[in-house]
Amino acid sequence: MATKFLSLACIRNESRDLSPRPHYPSMPKYPKGVLSSDEEKNMQGSESKALFSVIGMTCSACAGSVEKAIKRLPGIKEAVVDVLNNKAQEEKIRETIEDVGFQATLINEEANEKSIQVCRICIKGMTCTSCSTTVESALQVIPGVQKARVALATEEAEVHYDPKILSCNELLQAIEDTGFEAILISTGEDRNKIHLKVDGVRTENSMRIIVNSLQALPGVQDINMDPELQKLSLSYKADVTGPRNFMQVIESTGSGRYKAKIFPEGGEREAHKQEEVKQYYKSFLWSLVFTIPVFLLSMVFMYIPGLKDVLDTKIVNMLSIGEVLRWVLSTPVQFIIGRRFYTGSYKALRHGSANMDVLIALGTNAAYFYSVYSVLRAATSPNFKSTDFFETSSMLISFILLGKYLEVLAKGKTSEAIAKLMDLAPGTATLLTLDDEGNVTSEEEIDSRLIQKNDVLKIIPGAKVACDGFVIRGQSHVNESMITGESRPVAKRKGDVVIGGTVNENGVLHIKATKVGSESALSQIVRLVESAQMAKAPVQKFADRISKFFVPLVIVLSFSTWLAWFLAGRFNVYPKSWIPSSMDSFQLALQFGISVMVIACPCALGLATPTAVMVGTGVGASQGVLIKGGQALESAHKVNCIVFDKTGTLTMGKPVLVKTRLLKNMVLREFYELIAAAEVNSEHPLAKAIVEYAKNFREDEDSNVWPEAKEFESITGHGVKAVVRNREVIVGNKSLMLENNIDIPIDAEEILEETEGLAQTGILVSIDHELVGVLAISDPLKPGAQEVISILNSMKIKTILVTGDNWGTARSIAKEVGIDTVIAEAKPEHKAEKVKEVQASNAVVAMVGDGINDSPALVAADVGMAIGAGTDIAIEAADIVLMKSSLEDVITAIDLSRRTFRRIRLNYVWALGYNLLGIPIAAGVLFPFTGFRLPPWIAGAAMAASSVSVVCCSLLLKNYQRPKKLDSLEMQGITVE
């Protein structure tokens, strides 16, 4: 039986019988006085959508009967039955459906919409991809977790979870149960949260009094207190209140006894990274204290006459002084300094996985315990001459610790982009107090974290802009290169928007704060880059698949190597002369087996992709190109076709009305009064151009009051309709006129053709079903657009123009910039269909648009690029956000993704090539022909070096430079913006 869907729109709180009832789950009945008068007013006539599952419908006639019955109910604005799917709401509606003869089940859609939060967790102790996969798998199976990502390179987890089902503490516990230490970095509740330290509080009761005073403030959502640290954590609505209000309340509560200040942040994440670097450095130094003497005793002193005799002196039977010293010195390295490898191995094996720690522990234990056996046998036998490998185990651990130290140092540099972004925010700001006439009465220097919305701030020359806002007084030039990548200072005057973290070049500015704290553009960029660095590229799945069987395979190979060489020696398959004088066939085989185990490196494979993605996204952010993770990066490097929107992408996006042609005798003032009254309700750039031009025919050009437009209707991609002063006004393109049966005379056709030939947009105007005029609107091309298209063609990338404009204008624009393929008169939803058609020809398509009315096409494309986003960097539809209106950034994004992916490939070639070459050499493949043998301690050093080399290879991306062709554009004086 097919399941269908019914969608409803109801008018709530009407005077008939749709008043809220207790059984309406989405509309609780509020007791009198709970809502303010404004809220009650807003509740009147509010719309509610409902969705029902309707079972039993078999055809359109069934759907029609349900739809008609529902529409008869009082308060129903609209009812639509979808016969292909199946959904409909609320008790009376359900009964009505059943009265028609069908069964309906209520689906509480609102209940299904979970308030998902995102928390970030620092995870200590992960060594390879196997570790991160184990943690990720453990998180994903927890009820309430929607998505979990664990990044080895950043040693962090990003978890999307439902706070109604589980808490952050449960997530931390789940990670710790897998054997790793978890530290909470941030939660989804941190968006408007501040931590205050209260001095002067002596009792817990005093702290409670302060909390009660703060809870009474409007806009305060939640307060947590820590009496021991005298710390208060407050969540609040930034639109209503702010931190300075909290501090005033605290200080007034205790009559001046209490003092509040921002709680000193330790920079937990950075502190943990620094601590990890210190730990590895300290462990390495301590290991050298013991390993260097072991090395000297084994490799140097044995060849110095006199010292050799002392070391060979027997203590008990065949046990010598040298052997005892090596045993004593290597034991602390094996069990105290190398304890981390035992701990890591135990945690991994306990959860059914094997990581790098397992390989190190097995390799060093094999060398150490065989040496112990050899020494004890020498002590109990008068004839057995022992050969120990104590230097192998201790030197192995030392080299691996050195490698890990260098690796964490290098990994720290991959995330420098985020640290630099965070450092852009100034520490202090100058707060101004204004009187009723707007004159400055006082100024005060405050901590920038205490800025609240609507504060007026003073920015002096050379100072950083403290937060996002707009200029209310003064004019200057602001250097925005650190945020948008724009190299030239941008002129600012009254009304212009400024971005927090940018630098004021000259002139004093007074700005009004609009976005503070986590709402600022800088904070959003940091969050976006952090999230991008967490996101895995699809190519990472290759390393994840290998990691599942890598360590077990290496253990099998190691054992097989030892067994093959041991059996070959036992049955004299190779001549005795191959065996070094200081060991027998068993010891030779053991060395080959240990070398195989410690040379294999899963870390290099695990770090190949994430480190390159981290550096690549960081470099992009510094140039105003925000790449949303590995998926976007991987797709972008494959792009071979780019679809450009016209308005605001290839053109300036600021249309200007350049010509008016009237077809009937009419006063221009009246003509523009009517069409401006209709167009003022539209957000389209062309509508704004018409309204702006119409102001020229008014006495008061600054007035925004136009005659009332009734029955206004905006037809997307075509134009608008409205009734103004009892006259029907239609403004739009040719197809809109034809749809409304309006005749288009030959004169108008000729004017349209002439207009389109000049790459202008022709707009037709109809009043009372008669065509009365043609408007010509020009949107000039961006300087350098032609050169950018030419560069893309030289990169073997096909370019297509898609626009809602007419064919004539579209072809003229395309011809001017050098684009061969044109798609015109396309509505936003049709643009997405066109993108899919191009994809069907096996093309990897990027769509470049403004991120607003191009959203469907941006989502449909393999890579969506939102250009000219400015501070609106959180455009969901876009995979790559270009903060400037710069076409050259399209080339930068493609080129950077290609360079990054080449680096990822190089990392994989190095990591795989190292293992594919290193393991056979360690297994002794070259030994029969060349006599070359890789000692275990050298194999361990090579393993440590491989991880460091992969990270350093990724770090070379920090030297990325834009293609030289773009620099030549600047040298020619072309600025693409």
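Fair warning: this is a prediction, and the values are worked out from it, not measured in the lab.
The ring-ring contact (aromatic ring centres under 6.0 Å, His included) test with Y405 is passed by exactly one of F284, Y281, Y280: Y281.
Between the CG atom in L563 and the CZ atom in R570 there is a gap of 11.5 Å [rounded to 0.5 Å]. To the nearest 0.5 Å, atoms CZ (R149) and CZ (R120) are separated by 8.5 Å. Separation of atoms CZ (F335) and CD1 (I397) is listed at 8.5 Å; rounding is to 0.5 Å. Rounding to the nearest 0.5 Å places CG of L359 at 12.0 Å from CD1 of I599. Considering CZ of F389 and CD of Q591, their distance stands at 4.5 Å, rounded to 0.5 Å. The distance from atom CG of L288 to atom CG of L402, rounded to the nearest 0.5 Å, is 8.0 Å.
Checked by atom type, the side-chain pair Q623/R962 shows no donor-acceptor distance below 3.5 Å. Judged purely by distance below 3.5 Å, without hydrogens or angles, the side chains of Q173 and N169 never pair a donor atom with an acceptor atom. Side-chain polar atoms of S287 and S398 form a donor-acceptor pair below 3.5 angstrom. There is no side-chain donor-acceptor pair under 3.5 Å between S371 and R326. For the residue pair S635 / Q631, a side-chain donor-acceptor distance below 3.5 Å is found, with atom types taken as modelled.
The shortest distance between side-chain heavy atoms of M318 and S381 does not fall below 4.5 Å. Counting heavy atoms from C-beta outward, S137 and T133 have side chains that approach closer than 4.5 Å. Proximity of I555 to V358: side-chain heavy atoms (C-beta onward) are separated by under 4.5 Å at one or more points. In this structure, S320 and L311 have side chains that are not in contact, with every pair of non-hydrogen atoms separated by 4.5 Å or more. Between T561 and I919 the shortest side-chain heavy-atom distance does not fall below 4.5 Å. In this structure, K347 and D357 have side chains that are not in contact, with every pair of non-hydrogen atoms separated by 4.5 Å or more. L297 has its side chain out of reach of V294: every pair of non-hydrogen atoms, C-beta onward, lies at least 4.5 Å apart. At a threshold of 4.5 Å between non-hydrogen side-chain atoms, the residues V150 and I121 do not count as touching.
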Exercise for review: Please test M943 against Y914 for side-chain contact (heavy atoms from CB on, under 4.5 Å), starting from the C-alpha separation and ending with a verdict.
Suggested key: CA-CA 9 Å; M943 184 266 280; Y914 162 82; 3.5 Å; yes
Point to revise | Stepwise side-chain contact (heavy atoms from CB on, under 4.5 Å) check, N907 with T609 | key: CA-CA 8 Å; N907 284 347; T609 299; over 6 Å; no
Exercise for review: Just do the side-chain contact (heavy atoms from CB on, under 4.5 Å) check on I337 and F290 with the steps written out, would you?
Suggested key: CA-CA 10 Å; I337 298 168; F290 296 98; 4.1 Å; yes
Practice item. Could you go through the side-chain contact (heavy atoms from CB on, under 4.5 Å) check for I921 and F932 one step at a time? Key: CA-CA 9 Å; I921 292 171; F932 178 76; 3.8 Å; yes
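Between K404 and E407 a salt bridge is recorded (basic side-chain N to carboxylate O distance below 4.0 Å).
Note: F559 and W562 have tilted aromatic rings, judged against thresholds of 30 and 60 degrees for the angle between ring planes.
The backbone N or O of V554 sits nowhere less than 3.5 Å from a side-chain atom of S558 that would complete a donor-acceptor pair. For the pair D309 (side chain) and P305 (backbone), a donor-acceptor distance under 3.5 Å is absent. No side-chain donor-acceptor contact under 3.5 Å links S298 to the backbone of F295. Looking at T380, its side chain does come within 3.5 Å of a backbone N or O of R377 through a donor-acceptor pair.
Counting all heavy atoms, side chain and backbone alike, T900 lies closest to L633 at CG2-CD2, 3.3 Å. Residues A612 and L957 come closest through the heavy atom pair O-CD1, 3.7 Å. Summarising the geometry of F180 relative to G125, their closest heavy-atom pair is CE2-O, 3.4 Å, with the distance given to 0.1 Å. Between A148 and E136, the shortest heavy-atom contact is O-CG, 3.6 Å. Shown here for P293 and L329, the closest heavy-atom pair between the two residues is CB-CD1, 3.6 Å. Taking each heavy atom of L590 and A366 in turn, the nearest pair found is CD2-O, 4.3 Å.
The six-membered or imidazole ring of Y368 lies near that of F390, with a centre-to-centre distance under 6.0 Å. A distance below 6.0 Å separates the ring centres of Y370 and F586.
More than 12 heavy atoms of other shown residues, nucleotides or ligands fall within 6.0 angstrom of atom CZ in R350. The 12-atom threshold is not exceeded at CH2 of W286, counting heavy atoms of other residues, nucleotides or ligands nearer than 6.0 Å. In K314, the NZ atom is crowded: over 12 heavy atoms of neighbouring residues, nucleotides or ligands sit closer than 6.0 Å.
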